[in-house]
Amino acid sequence: QSISINNILNIDAGVHVLLKKLDDGNRVYLNVSYNGALNASGVSGNPVVFKSSATDPEKAYWGHIRFEQVYKDSTLTYCEISHAEIAISIGWNSGDSVTINNCTITHNNLGVNSEGSSPTISSNTIKDNNSPFNITGGAPVISGNSFTENANKIELTSTKASFTNNTVENNSATGIY
């Protein structure tokens, strides 16, 4: 089941967005596209939370937050995103319109996936995901993040990414590929 965001959606600090698996086992996906924008504006100590509605969910319980061909700026600030198949997915032709900062991305199958886009991803905690990061193409700015206790390595493929001042430690697989 896909929920399309084709206008500007602003989510205030303290809001919890609870996502569930449908009765038929399908996941719920949030898709931001074309004229849409998602601005989740938490503050320190009062984040916007995207999580499963289940009491004790497994990783990949719900789908993803996906930005696809987005032309308006979208920002996720002080958000907690957990138990998703892919916490944040940034698709082709989204340019540099997506900014993710000061978020906690944990207990997901894949933390952040970016394909052919150039988001700014800074000062986030990316912890205890099966795969923390998969970047293909584009020229994203990735700085000041903490990658810890993830099962797999960080993947940067055919990209001109700027990867600076990040901490990568205590992950099961070694380093950056």
Side-chain angles (χ1 to χ4, degrees), residues 3 5 8-19 27-32 36-53 57 59-68 70 72-91 94-115 117-135 138 140-152 154-156 161-171 176:
I3 298 170
I5 301 170
I8 298 172
L9 175 60
N10 296 313
I11 303 175
D12 294 329
V15 171
H16 286 221
V17 179
L18 303 178
L19 299 142
R27 297 176 179 96
V28 173
Y29 298 89
L30 298 176
N31 294 312
V32 182
L38 174 60
N39 296 303
S41 303
V43 295
S44 181
N46 196 19
V48 172
V49 177
F50 296 89
K51 69 177 191 172
S52 166
S53 61
K59 290 178 181 174
Y61 186 82
W62 60 278
H64 60 227
I65 300 170
R66 181 163 176 81
F67 299 91
E68 183 72 39
V70 175
K72 294 183 179 178
D73 290 343
S74 289
T75 303
L76 303 177
T77 302
Y78 285 104
C79 293
E80 293 179 1
I81 305 167
S82 64
H83 298 99
E85 180 179 13
I86 302 171
I88 302 167
S89 180
I90 305 162
S94 291
D96 60 358
S97 63
V98 179
T99 300
I100 305 161
N101 63 335
N102 293 301
C103 293
T104 300
I105 301 167
T106 185
H107 305 296
N108 302 290
N109 185 49
L110 173 56
V112 177
N113 184 62
S114 178
E115 304 167 309
S117 290
S118 301
T120 298
I121 303 168
S122 61
S123 303
N124 299 289
T125 299
I126 301 167
K127 180 179 178 179
D128 191 28
N129 299 285
N130 287 340
S131 293
F133 227 57
N134 185 356
I135 306 294
V141 176
I142 305 161
S143 65
N145 299 288
S146 171
F147 297 91
T148 60
E149 300 175 29
N150 296 290
N152 291 300
I154 296 166
E155 293 190 37
L156 303 175
S162 168
F163 193 87
T164 59
N165 299 317
N166 296 287
T167 302
V168 180
E169 62 186 5
N170 298 323
N171 297 292
I176 302 169

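Excluded from the calculations below are hydrogen atoms, water molecules and symmetry mates; all remaining heavy atoms, backbone and side chain alike, are included.
Judged purely by atom type and a 3.5 angstrom limit, Ser74 uses its side chain to pair as donor or acceptor with the backbone of Leu38. Judged by distance alone, with hydrogens and angles left aside, the side-chain atoms of Asn171 form a donor-acceptor pair with the main-chain N or O of Asn150 at under 3.5 Å. At distances below 3.5 Å, not a single donor-acceptor pair connects side-chain atoms of Asn145 with backbone N or O atoms of Asn166. With Asn152 contributing its side chain and Asn130 its backbone, the two residues share a donor-acceptor pair below 3.5 Å. A donor-acceptor pair under 3.5 Å is formed between the side chain of Asn124 and the backbone N or O of Asn102.
Checked against salt bridge (Lys or Arg N to Asp or Glu O under 4.0 Å), Glu80 has no partners two or more places apart in sequence or in another chain. Among residues two or more places apart in sequence or in another chain, the salt bridge (Lys or Arg N to Asp or Glu O under 4.0 Å) test is passed with Arg66 by Glu68, Glu115. Not counting sequence neighbours, the partners of Lys59 by the salt bridge (Lys or Arg N to Asp or Glu O under 4.0 Å) test are Asp128. With sequence neighbours left out, the side chain to side chain contact (heavy atoms under 4.5 Å, CB included) criterion links Val17 to Ile11, Val15, Leu19, Phe50. With sequence neighbours left out, the ring-ring contact (aromatic ring centres under 6.0 Å, His included) criterion links Tyr29 to His64. Every side chain to side chain contact (heavy atoms under 4.5 Å, CB included) that Thr75 has, sequence neighbours left out, goes to Asn39, Thr77, Thr99, Asn101.
Residues Leu18 and Lys51 have side chains in contact (heavy-atom distance under 4.5 Å, counting atoms from C-beta outward).
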(message) Could you go through Phe163 and Ile154, starting from their C-alpha distance and side-chain angles, then the distance that decides it, and tell me whether this counts as side-chain contact (heavy atoms from CB on, under 4.5 Å)?
(response) CA-CA 11 Å; Phe163 193 87; Ile154 296 166; 4.1 Å; yes
(request) Go through Asn108 and Glu85 one step at a time and tell me if the side-chain contact (heavy atoms from CB on, under 4.5 Å) criterion holds. (result) CA-CA 6 Å; Asn108 302 290; Glu85 180 179 13; over 6 Å; no
(message) Would Ile88 and Ile121 count as a side-chain contact (heavy atoms from CB on, under 4.5 Å) here? Give the steps.
(response) CA-CA 11 Å; Ile88 302 167; Ile121 303 168; over 6 Å; no
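Here the CD1 atom belonging to Ile126 is positioned 11.0 Å from the OG1 atom belonging to Thr167, to the nearest 0.5 angstrom. For the atom pair SG of Cys79 and CD1 of Ile65, the computed distance is 7.0 Å after rounding to the nearest 0.5 Å. Glu149 contributes atom CD, which lies 11.0 Å from atom OG1 of Thr125 (distance to the nearest 0.5 angstrom). Remark: Phe147 CZ to Ile105 CD1 distance equals 8.5 Å, nearest 0.5 Å. The distance from the OG1 atom of Thr106 to the CG atom of Asn129 is 5.5 Å, given to the nearest 0.5 Å. A distance of 7.5 Å separates OG in Ser162 from CD1 in Ile142, rounded to the nearest 0.5 Å.
Considering all non-hydrogen atoms of both residues, Asp12 and Val48 come closest at O-CG2, 3.3 Å. For the residue pair Ala84 and Gly63, the shortest heavy atom distance occurs at CB-O, 3.6 Å. Pairing each heavy atom of Lys72 with each of Ser97, the nearest pair is O-CB, 3.6 Å. Across Asp73 and Ala37, no two heavy atoms sit closer than the pair O-CB, 3.5 Å. Contact detail for Leu110 and Pro132: the closest heavy-atom pair is CD1-C, 4.2 Å. Closest heavy-atom contact between Tyr61 and Ser52: CD2-OG, 3.0 Å.
Only one option out of Cys103, Pro47, Ser41 pairs with Leu76 in a side-chain contact (heavy atoms from CB on, under 4.5 Å); it is Cys103.
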